[in-house]
Structures are given as structure tokens and as C-alpha cells.
Participant: 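Pasting a structure here, questions to come.
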Protein chains: 2
Amino acid sequence: MSKPIQNRTRATRARLIESAQGIIAAKGYGALRVEDVVQTAGVAKGTFFAHFAGKDGLMELMIGAQINAFLDEAETWPAPQTIDDLVSQIVPLIQFMTSERYVFDVILRHSGAAAREEIGPIAQTFTRQVDVVARWLSDSPFRKDISGYLLAEGIQAFSVQAMALHFCAINNSETMEDRLRIYLDAWLNPRLAS
Amino acid sequence: MSKPIQNRTRATRARLIESAQGIIAAKGYGALRVEDVVQTAGVAKGTFFAHFAGKDGLMELMIGAQINAFLDEAETWPAPQTIDDLVSQIVPLIQFMTSERYVFDVILRHSGAAAREEIGPIAQTFTRQVDVVARWLSDSPFRKDISGYLLAEGIQAFSVQAMALHFCAINNSETMEDRLRIYLDAWLNPRLAS
DNA sequence: TTCCAAAATTGACCACGGTCAATTAATTTC
DNA sequence: GAAATTAATTGACCGTGGTCAATTTTGGAA
């Protein structure tokens, strides 16, 4: 599965992924059905499950790839010097993550949670995001009393919070972006010690 | 549904809930099957869905009730004066929330997310927890540069982060409690302004 | 008491993710 | 190149959540 031995295997897997990408592009992540994927790919249902760890496994790959694309770009950006800049640099990613309720659910379900031993694709991107943001922070004018790594973890926690509230009916008076700005200002620029 | 008109309705609903409670007590939340619930309750499957918004709706009620029980007790506790106290007062709740992977998933899925217009039971408990913790903080020696409400929201965000990492294979070197302590110390006791 | 409209209940049926023994294809051995 | 071995694929089948037209029960109007 991780190391296809036959060419046939790689070809089948590629067809399945291509098929899935087509369906997602056309109808969105939440509308993807395994039966549709295998039908478009021209294989039997069982083949799908021989290639991926279920529908969720495929989703991890697809969504994880998308998040990594965002992080690839984020990595090239300069260290943000203001909260506003930081928020602007995070927003594209969290906008993708909240583009569909289903996508956010999948991400949450796998964010800190490798199924078994090895860490899954989405959990990897969360680790990577902390690294990317920590690197930014090493060259940013925010609080220095704790490590950039810890700061980055906090940013992630607040991002998740902002995204979760975004889907809450009662909390739509502020935009996700505004809410995140408030959180991160409080987190990165504390005015006074206790 | 919200206002049972007939006694029969209330009785049926009570039997369904009782049945569900029995199954959960015996086998855990994740092992609950709707078919088992209706069989034990002695009603048809369709009846279940006439009484609850699906399996998830029932779970929201059951888990929400449990969380509320924890908050009932938490409300009677004094304002924590140290991070350790605060963590100790939060830990019982997050221990329940992480008692089963399935429970945590359900909670995440509904934490900030009312299905439609009205806010769901679990989302309500999240709002309530912020209130309870904010009240604690009004009488605690932590940072005062931001509102207790915002502080409480942050505590919630960090709690979720700690819980999520708890289920991650790669992150089990520290306990959930230790991780939370580190987060909350950084959040509530910033040493220096930027 | 009889009849009616609304409410509650039923259970056959569907959707969809997932399984696995059996079959077919590829690779290795001699 | 035939036989044996390993890998990939198949599709009938299952579990489980959810739907809905048909049926039964209920409370009240006449």
C-alpha cells in the first residue's frame, strides 16, 4: 500500500485519486461517495479499500495535500510584524479548513489523532503548521517569555476555536477573522503581567 | 418533540432514554446502536427518529447532561488561586470528555456547531463552561488586561488542544494535565509584555 | 357513542461505508 | 515455459443510520 510493488497497483491508485479529485472539484468533499469514485475509476469497491484506509483515509490524503499546499506558500512569506499581518497570513488556510462543514469535521477528527501508531497526513500538517508559525515568530515583535513553539501551538488552538465558533449559529456577529484577531492579540501581546 | 402533547409520548421518550442509559452504562457511548436502543425500549426504529434528531441528537442529550453535571459541581467550587488549582478544577471534565475517542469526536463535532438555528445541548455546555470559568477568574490572581470572558474562551481553546493532542500517538510523552498546565500558565501568567 | 382530525407509531426499505472468501493476474522458481 | 507462489482485484454481502407512506392511537367535537 505504501510501497506499490506492481505497476498495476500504482496505476489503479492513480485512477482512484484522479477520480476522487474530479468528484471533489465538481461536487465538493462532502458529496464524495466511494461508490462514485470506484465507478468513475472503473474498479470494484473492494479495490478502493485495498488502496486506502477507508473513505476517511482518502480524505486525509486529499485534504492533507491541500493544507500542505497552503503551508508551502506560507513558508515563503516573511515574518509578520503585526497581529494584522499574522492574521492575514493565517486566514487563507483557515478559510479552506472552513470551506465545508464536512472538511472541518474531518480535519478536527484527524488533527491530533493518528489512528494507530503512525501519525496521519492531517496531523502531520498540524505539526508542520506549528513549525512554520514558530519560525515566523522567531523574527516577530511579540512576547518572548515563552518559546515560539508554544506560541505557535497557542495560535493553532485559537485558530481552531475561531473556526469552531464560525459554525455556531449563535456566534456569527463577528467574523472568524475578527475573532481570531482578538484572540491572537491577547495571546501574543499581553499588556500586563498578573 | 420539545413539548410532548400526549403522555404516551413522554413515556416512550423516557423508555428510549432509559434504554440508552443502560446500554451506555454497560458498553460505553461508542458501542451504542440505535437498533439496540429501540429493541430494549420495545418500540420500532422509526419511533426513535421521531423523538430524537438521529443518533447524534441523542448523544448530544446524553453527553450534554453529563457535562452539565460536571459544571453543576464546578460552579460550587471557589475561585482557583493558582494555575495548579485551576487545572485540578478543569481536569475532571476533560477526563470525561476524553474517556472515549467517540465521546470526544461527538463533542468536537457539536461544540461550536448548532445543526441549524438553535444552539445544541453540547454547544450550550461550552457556552456555560466559559461563563463558569469567567466567574472563577473574576476572583483569581491572573492577568487582568483582558476580560474574564476572553480568558475563559482561551482556557477552553487550550483545553481542546490538550485533549486533541492526548489522542495523538506522537504526543504521549506528557500527560494531558501537564500539557494543559503549561498552556494555561503561558495564557494566564504572561511574564513580560512584548 | 360515534366519528374525525391530529399525533404517534410502525416496519419495510434505502444509502452508504466497509468486509472477505473467491478469482484472476503477475512474479518467481525450477 | 510450466508450475508454484504471491499480489491485486472482484462483487456479493453485511452493519448500521436514517426515511416515509401506511397504520394505529388518542383526544375531543357533534
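Note that this is a predicted model, so its numbers are computed, not measured. To find a chain, count down the sequence lines: A is the first, B the second, and so on, and within it residues start at 1.
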Participant: Between atom CG in B/N7 and atom P in D/dG28, what is the gap in whole Å?
Facilitator: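 Checked: the CG to P distance equals 11 Å.
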
Participant: Which is true for A/L32 with a 4.0 Å heavy-atom rule: it touches a base, it touches only sugar-phosphate, or it touches nothing?
Facilitator: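 Sugar-phosphate contact only - A/L32 comes under 4.0 Å of backbone atoms but never of a base.
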
Participant: Strictly below 4.0 Å: does A/H51 bring a side-chain N or O up to OP1 or OP2 of D/dA8?
Facilitator: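 So the side-chain polar atoms of A/H51 never come under 4.0 Å of the phosphate oxygens OP1 or OP2 of D/dA8.
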
Participant: Can B/R128 and B/N68 be said to form a side chain to side chain donor-acceptor pair (under 3.5 Å), step by step?
Facilitator: CA-CA 9 Å; B/R128 187 178 166 209; B/N68 269 318; 2.7 Å; yes

Participant: Side chains of B/T175 and B/D178: do they bring a donor and an acceptor to under 3.5 Å?
Facilitator: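 The criterion, which ignores hydrogens and geometry beyond distance, is satisfied for B/D178 and B/T175.
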
Participant: I need the CZ-P distance between B/F52 and D/dG17, as an integer number of Å.
Facilitator: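 Value for this atom pair: 14 Å.
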
Participant: Hey, which of these two, B/G42 or A/G54, hits DNA chain C nearer its 5' end, going by closest nucleotide?
Facilitator: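 In this pair, the answer is B/G42.
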
Participant: Given side chains that start at C-beta, do those of B/K55 and B/L32 come closer than 4.5 Å, heavy atoms only?
Facilitator: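 Contact flag for B/K55/B/L32 side chains = yes.
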
Participant: Rounded to whole Å, how long is the line connecting atom CG of B/L16 with atom P of D/dG18?
Facilitator: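 Going from CG in B/L16 over to P in D/dG18 covers 14 Å.
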
Participant: Rounded off to whole Å, could you give me the CG-to-P distance for the B/D56 and D/dG18 pair?
Facilitator: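 Value for this atom pair: 7 Å.
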
Participant: Could you check how far CZ of B/R13 sits from P of C/dA8, rounded to whole Å?
Facilitator: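 Distance check: B/R13 CZ to C/dA8 P gives 12 Å.
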
Participant: Look at A/T47 and D/dA8 and indicate whether a side-chain polar atom (N or O) is within less than 4.0 Å of OP1 or OP2.
Facilitator: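 For D/dA8, OP1/OP2 do not have a side-chain N/O of A/T47 under 4.0 Å.
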
Participant: Measure the acute angle between the ring planes of A/F96 and A/Y29, then classify it against the limits of 30° and 60° as parallel, tilted or perpendicular.
Facilitator: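 Correct class here is perpendicular.
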
Participant: Sorted by first residue and then second, give each side chain to side chain donor-acceptor pair (under 3.5 Å) pair with at least one member in residues 31-46 of chain A; sequence neighbours left out.
Facilitator: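 Every side chain to side chain donor-acceptor pair (under 3.5 Å) pair that includes a residue of residues 31-46 of chain A, provided the two are not neighbours, is A/E35-A/K45.
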
Participant: Using whole Å, what does the distance between atom P of nucleotide D/dG17 and atom CZ of B/R109 come to?
Facilitator: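 My rounded result for the distance is 12 Å.
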
Participant: Tell me: CZ of A/R10 to P of C/dA25, nearest whole Å?
Facilitator: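 Whole-Å distance recorded here is 20 Å.
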
Participant: Check every atom of C/dG11, D/dT9, D/dT10 against the side chain of A/R8 and return the nucleotide holding the closest atom.
Facilitator: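 Per side-chain heavy atoms of A/R8, the pick is D/dT9.
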
Participant: Assign the ring pair B/F158 / A/F158 to parallel, tilted or perpendicular, where the plane angle (0 to 90°) is split at 30° and 60°.
Facilitator: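 Ring orientation of B/F158 relative to A/F158: perpendicular.
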
Participant: Do other residues, nucleotides or ligands put more than 12 heavy atoms under 6.0 Å from the CD atom of B/Q81?
Facilitator: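 It does: B/Q81 CD has more than 12 such atoms within range.
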
Participant: Starting at CD of A/Q39 and ending at P of D/dG11, how long is that distance when rounded to a whole Å?
Facilitator: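 Distance check: A/Q39 CD to D/dG11 P gives 12 Å.
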
Participant: Under 3.5 Å between N/O atoms: give me all the protein pairs with nucleotides 13-16 of chain C, atom names plus distance.
Facilitator:
residue, atom, partner, partner atom, Å
C/dC16, OP1, A/R33, NE, 2.9

Participant: I want to verify a distance call: between C/dT9, D/dT19, D/dG11, whose nearest atom is closest to the B/F49 side chain?
Facilitator: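 From the listed options, D/dT19 comes nearest.
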
